[in-house]
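The next block holds one structure in the form of structure tokens; read it before the comments.
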Amino acid sequence: MPVPPHDEATHARITDDGSPLLDISEAVEQTAQLSAFERVGKAADIACAVAFIASDQSHWISGSFIDAAGEALLG
């Protein structure tokens with residue numbers, strides 16, 4: 001399965017990274033619909049994924065792409 005290209009606009013719409021786009025309530029509402037969790041991701045969501053990958057509990061995981069986008073990039 002090919003890795004989706006990194007698109008700065010798409011990244012900003014999936015996770016709140018301080019983008020001015022997320023100052024627009026309509027954009028936040030539309031973006032939230034991209035996620036199975038019906039919300040925009042927060043830094044803590046990404047931090048949890050990073051902490052898990054850095055832990056000993058992830059010792060059996062191998063791969064080059066971890067989707068931490070609230071299921072927005074699946075499909």
Side-chain angles (χ1 to χ4, degrees):
M1 179 154 112
V3 175
H6 178 72
D7 176 341
E8 203 59 45
T10 301
H11 168 75
R13 286 182 284 161
I14 296 170
T15 303
D16 184 355
D17 63 354
S19 169
L21 179 66
L22 294 176
D23 291 336
I24 304 167
S25 62
E26 294 85 11
V28 173
E29 290 173 22
Q30 289 177 1
T31 300
Q33 297 309 307
L34 296 173
S35 169
F37 303 105
E38 297 183 350
R39 67 176 179 82
V40 173
K42 298 180 173 101
D45 297 318
I46 304 304
C48 288
V50 171
F52 172 72
I53 295 300
S55 77
D56 289 339
Q57 292 178 332
S58 69
H59 72 277
W60 201 249
I61 294 176
S62 61
S64 60
F65 183 78
I66 305 288
D67 182 8
E71 296 188 18
L73 299 177
L74 297 178

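None of the values given here were measured: they were computed from a predicted structure.
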Worksheet item: If you look only at pairs with a residue in residues 31-43, which of them pass as a salt bridge (charged side-chain N to carboxylate O under 4.0 Å, His left out), with sequence neighbours excluded?
Response: Arg39-Asp45
Practice prompt. Locate the shortest heavy-atom distance separating Ile61 from Ile66; write the atom from each residue and the value.
Written response: CG2-CD1, 4.3 Å
Discussion item. Please give me the minimum heavy-atom distance between Val40 and Thr15, naming the atom from each residue.
Written reply: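 Scanning both residues, the minimum pair turns out to be CG1-C, 4.0 Å.
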Worksheet item: CG/Asp16 to CD1/Ile46 distance, rounded to the nearest 0.5 angstrom?
Response: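 Between Asp16 CG and Ile46 CD1, I get 11.0 Å after rounding to 0.5 Å.
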Worksheet item: Does Ser35 reach the main-chain N or O of Phe37 with its side chain, forming a donor-acceptor pair under 3.5 Å?
Response: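 At least one qualifying donor-acceptor pair exists.
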Worksheet item: Tell me the side-chain hydrogen bond (donor to acceptor under 3.5 Å, both in side chains) pairs involving residues 46-63, sequence neighbours left out?
Response: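 Counting only pairs at least two positions apart or across chains, no side-chain hydrogen bond (donor to acceptor under 3.5 Å, both in side chains) contact touches residues 46-63.
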